[in-house]
Each structure stands twice: as C-alpha cells, then as structure tokens.
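The structure appears below as structure tokens.
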Amino acid sequence: MPSSNQDQLTLAFETSCDDTSVAVVKSDGFVLSCETKNQDQFHAEFGGIIPEIASRNHTLRILPQTESALAKAGVSWRDIDFLSVTNRPGLIGAVMVGLVTAKTLAWAREIPFVGVNHLEGHIWAPFLSDAQYSGGQITYPALCLAVSGGHTSLYLIEGDGHYRILGSTRDDAAGEAFDKFAKMMGLGFPGGAIVDQLASKGDASKYTFPRPMIHSDNFEMSFSGLKTSAHQYLEVAKESAQLPDLCASFQQAVVDVLVEKVKRAQQVFAVEHIILTGGVAANSALRDQLSQASSQWGCRFSVPPLRYCTDNAAMIGLAGHHVLQRQGPSDLSLPPLSQSYQGDFIESAL
Ligand code: KG4
Ligand code: ZN
C-alpha cells in the first residue's frame, strides 16, 4: 500500500440486498466509476425481494460489473490498493456473494480488503463527490437520519466511527411503509418513487393519516400503523383521479414524523449539521422539507444526489477508506452477517 492515504484507491462491492454495485473510489470520496444494476424487474411480480433470486443475480453480474467499473474508471488492478465490501447487515446469501468475491480477489491479487457495515456506507454517501457533485466534509457532532427500505434510524455522529443511535423504527422502516402503501394501492414494487411522483400532483391535506409517535418524548418511530389506516382508502384508490391526493397525504404523514424527530434531536443536542441519507432520502418532499427546516434551525444540510441515495458501492468505498484508517484490513475469516456487530453503533440514548 502507498504510504499516503490521500492517494489510495479502493475497489468496492455492495450486494447486501437486491442492487449489485461495484465502484472505484479515491480516499477523498471522489468516485471514478460506480456500476449499479437493480433487480426490480425480477422481484416486482412477487411484490417483495426474494432472497434466492437476489443472490443468483448478484452471482451472474458481479464479475462483469467489476470489469466495467475498472474500465470506466480508467484503472487496472495494479492501481487498486485495497477492496471494500459490505459484510453486514443484509440478506445473508446476498451479502455472501459480494464478500466471497472480494475475499477471493483480495487473496488472488495479494491486496488487503475491509468489511464494511452497509449502514455506515449510507452515513458516508452524502460526502462522495464526482464530476457533478461535491459533498464536502462532516462537521462533528452531526445528526444523521438514515431512511431506507430495511432501516430507519436517527444517529448522533460524534466523530469518525462514533455513531450513537438515538432512535429507530419499532416496526416497519420508512421505505417499507412506502412500498407496502404502494402495493396496496396497486402501484407496483418498489413503490416509493412512484408514490413520490404521484404525490407531486396531489393535495396533501385531502386525506387523514396518523402521525405515529410524533409527540412521544423520544426519538423512536413507528410506521406500521399507516398501512392499517390506508386500508380505509382502498375504494378511493380504485378511482385513479384521487390517487395523487392519497399519495401526497400519506407521504406528508411520514415526512412530518421524520422532520419532527430530527427537530427534537437538533434541539436536545444543538448540532449544526443535519444529514439525510438512504433510499427514502430520494423522496422530494422529505429532501425539501428537511432542507428548509435545517436552514430555519441555522444548520448546514447534506443529502446525496439520487444516484447515491439508494444502495451503491461508492458509499461502501468511502466508508471502506475510513474503516481501513481506523481499524486496518480485515482477516480472510471475516464472516457475512445479517445484523450489525454490537460495537458498530452505540445503542443507548444520552
Ligand atoms: O437504501 P435502499 O436502496 O435499500 C435499502 O437498504 O433498504 O432503499 C430502498 C427504499 C425502497 O423502500 C424504496 O421504495 C425507497 O427506498 N425509495 C423511496 C424513493 N426512492 C426510493 N421512497 C420514497 N420516495 C422516493 N422517491
Ligand atoms: Zn441501503
């Protein structure tokens, strides 16, 4: 490895769910290439992700995408200093495809590799950069709302590698709530982006949805009740003219809860930097409203461009640079895990 960390290049792999992604990323977060393929067409007919199908597609795609990530970055194997790979949390068979590929390549090429927590990847996603985007640096302490299909948590980031979970969803993740609502309304899977699109033409005050736990004196969240409430509107959904209003009303309920939880945390911890990340960070209402609220609170606001919101290997590469600096390389015995390690995040609220 070169002695200057600034000059290092990582080749990164992400296969923890249904997106297969390979990227080449510099130490400062500059993305030389990021080759991502989703599998929506294979899972849509089942209305959810089928783990076996996800693993099989990762297996077919990961090596061709590795070749094209290297080619698009204009680098060869000799330029790669180490590999970064998601080894937790995720669908175990899917995680295993990326991990076994990275370990095999690391062993064959005699270069180090690091296992990365997928959620730490999302935390670093806003700080990537490329020809069109520059994310800058984190100002510690910062608040990070990470909202995806599998996870929804609010973190206090106290330093590099010091992530305190202030609160999480007690049931469905925010993205899962969007997907279940979309499925119920006959909009297909995954439905978050479709709900967002329809909502932009609708009136958010037209239908009443609950704001679960919005006034609870903590940072916990709950979104499973929203689908129960959506049941009463199933008849309305058949009249497609009302769908935009229904989507806008549902979306606003989710956004209100999320923004309120961040507001509460900002008041308690007096941070000056708010970070939004994860697949649901692609939601236009959430981006706009949290951005506006952050400026009212006098805070800087960071959110990745859409290409780095949903799962991608570029964020795993940037997190990999940080993990390597903090902990050094991983051992070839590193296992794939469906959960985070206990020490990855500090669990207790202050
Ligand atoms: O981070 P991600 O790619 O995968 C996980 O790690 O879970 O997030 C995927 C989730 C899905 O639930 C999808 O419906 C949601 O992000 N999503 C959106 C939007 N775009 C993607 N939800 C709301 N509005 C969007 N525009
Ligand atoms: Zn994710």
Side-chain angles (χ1 to χ4, degrees), residues 12-21 23 34 36-40 43-44 47-49 51 54 58 86-91 94-95 98 116-126 144-153 155 168-169 172-185 187-202 204 223-224 226-227 244 247-248 250-255 257-259 275-290 303-316 318-319 338-340:
F13 301 88
E14 159 59 38
T15 64
S16 67
C17 193
D18 63 333
D19 295 300
T20 316
S21 187
C34 184
T36 305
K37 276 199 166 70
N38 73 42
Q39 303 182 12
D40 292 349
H43 302 280
I49 291 158
H58 289 318
T86 303
N87 83 307
R88 64 193 190 280
L91 302 171
V95 172
V116 173
N117 184 308
H118 177 82
L119 300 168
E120 184 174 5
H122 277 300
I123 288 174
W124 285 107
C144 176
L145 177 66
V147 270
S148 71
H151 304 271
T152 293
S153 293
Y155 300 98
S168 296
T169 180
D172 291 353
E176 193 178 354
F178 270 99
D179 292 339
K180 285 179 177 169
F181 173 77
K183 190 173 167 186
M184 203 182 281
M185 298 298 146
L187 297 173
F189 174 87
I194 304 165
V195 174
D196 186 359
Q197 239 173 11
L198 283 167
S200 67
K201 298 173 216 128
F223 297 104
S224 68
L226 282 170
K227 63 177 183 287
C247 288
F250 169 85
Q251 178 177 274
Q252 194 55 50
V254 176
V255 171
V257 173
L258 293 172
V259 173
I275 299 164
L276 172 63
T277 193
V280 183
N283 184 267
S284 51
L286 181 58
R287 294 169 82 88
D288 289 352
Q289 293 177 39
L290 193 55
V303 63
L306 299 197
R307 59 189 171 284
Y308 302 136
C309 284
T310 45
D311 289 348
N312 66 86
M315 67 186 195
I316 301 303
L318 179 53
S338 57
Q339 302 294 327
S340 295

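Values below: every heavy atom of this structure, side chains too, minus hydrogens, waters and symmetry copies. Numbering of ligands and ligand atoms starts at 1, following listing order.
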- Query: Judged by modelled atom types alone, do Q251 and N283 share a side-chain donor-acceptor pair under 3.5 Å?
  - Reply: yes
- Relative to ligand 1, is N283 under 4.0 angstrom through side chain, backbone, both or neither, heavy atoms considered? both
- For the pair E120 (side chain) and H122 (backbone), establish whether a donor and an acceptor sit closer than 3.5 Å, ignoring hydrogens and angles. no
- Task: Quick one: look at D196 and ligand 1, take heavy-atom pairs under 4.0 Å, and tell me if it's side chain, backbone, both or neither.
- Result: side chain
- Is D19 salt-bridged to K37, cutoff N-O under 4.0 Å? no
- Of all the atoms in ligand 1, which lie at a distance below 4.0 Å from a heavy atom belonging to H118? 6 (O)
- Ligand-residue contact atoms, ligand 1 with H122, heavy atoms, under 4.0 Å: 1 (O), 6 (O)
- Item | Where ligand 1 meets G175 - atom numbers and elements under 4.0 angstrom, heavy-atom basis | 12 (O)
- Message: Give me the residue, atom name and distance of the protein heavy atom closest to atom 22 (N) of ligand 1.
- Response: G192 CA, 3.5 Å
- Message: Which of the numbered atoms in ligand 1 are under 4.0 angstrom from any heavy atom belonging to G150?
- Response: 7 (O)
- Task: Write out the residue and atom name of the closest protein heavy atom to atom 4 (O) of ligand 1, then the distance separating them to 0.1 Å.
- Result: D311 OD2, 3.2 Å
- Message: With the threshold set at under 4.0 angstrom, would you say A193 reaches ligand 1 through any of its heavy atoms?
- Response: yes
- Message: The criterion is side chain to side chain contact (heavy atoms under 4.5 Å, CB included); which residues satisfy it with I194, sequence neighbours excluded?
- Response: L187, L198
- Give the residue and atom name of whichever protein heavy atom lies nearest to atom 17 (N) of ligand 1, and the separation in Å to one decimal. G279 O, 3.6 Å
- Heavy-atom nearest option to atom 15 (C) of ligand 1, drawn from V280, V255, I49, I194: V280
- Query: Shortest non-hydrogen contact from A248 to G202?
  - Reply: CB-C, 3.8 Å
- For the Zn ion (ligand 2), which protein N/O/S atoms are closer than 2.8 Å? H118 NE2, H122 NE2, D311 OD1
- Contacting atoms of ligand 1, where contact means under 4.0 angstrom from a heavy atom of T310: 3 (O)
- Does the side chain of S153 pick up a donor-acceptor pair with the side chain of S168 at under 3.5 Å? yes
- Message: Could you work out, with side chain to side chain donor-acceptor pair (under 3.5 Å) as the rule, every residue matching D196, not counting sequence neighbours?
- Response: S284
- Atom CE in M315, atom CG in L119: separation rounded to 0.5 Å? 8.0 Å
- Item | H151 contact mode with ligand 1 (heavy-atom cut-off under 4.0 Å) | neither
- atom 12 (O) of ligand 1 has as its nearest protein heavy atom D179 OD2, 2.7 Å
- Item | salt bridge (charged side-chain N to carboxylate O under 4.0 Å, His left out) partners for R287, two or more places apart | none
- Might you confirm whether atom NZ of K183 has over 12 heavy atoms from other residues, nucleotides or ligands at distances under 6.0 Å? no
- Task: Output the list of atoms in ligand 1 that are nearer than 4.0 Å to some heavy atom of G149, sorted by atom number.
- Result: 5 (C), 7 (O), 8 (O), 9 (C), 10 (C), 12 (O)
- Item | Exercise: identify the closest heavy-atom pair between A23 and A314 | CB-N, 3.5 Å
- For this output row, return yes or no: ring centroids of F178 and F223 closer than 6.0 angstrom. no
- Considering non-hydrogen atoms only, spot the tightest contact between T15 and H58 and give its length. O-NE2, 3.3 Å
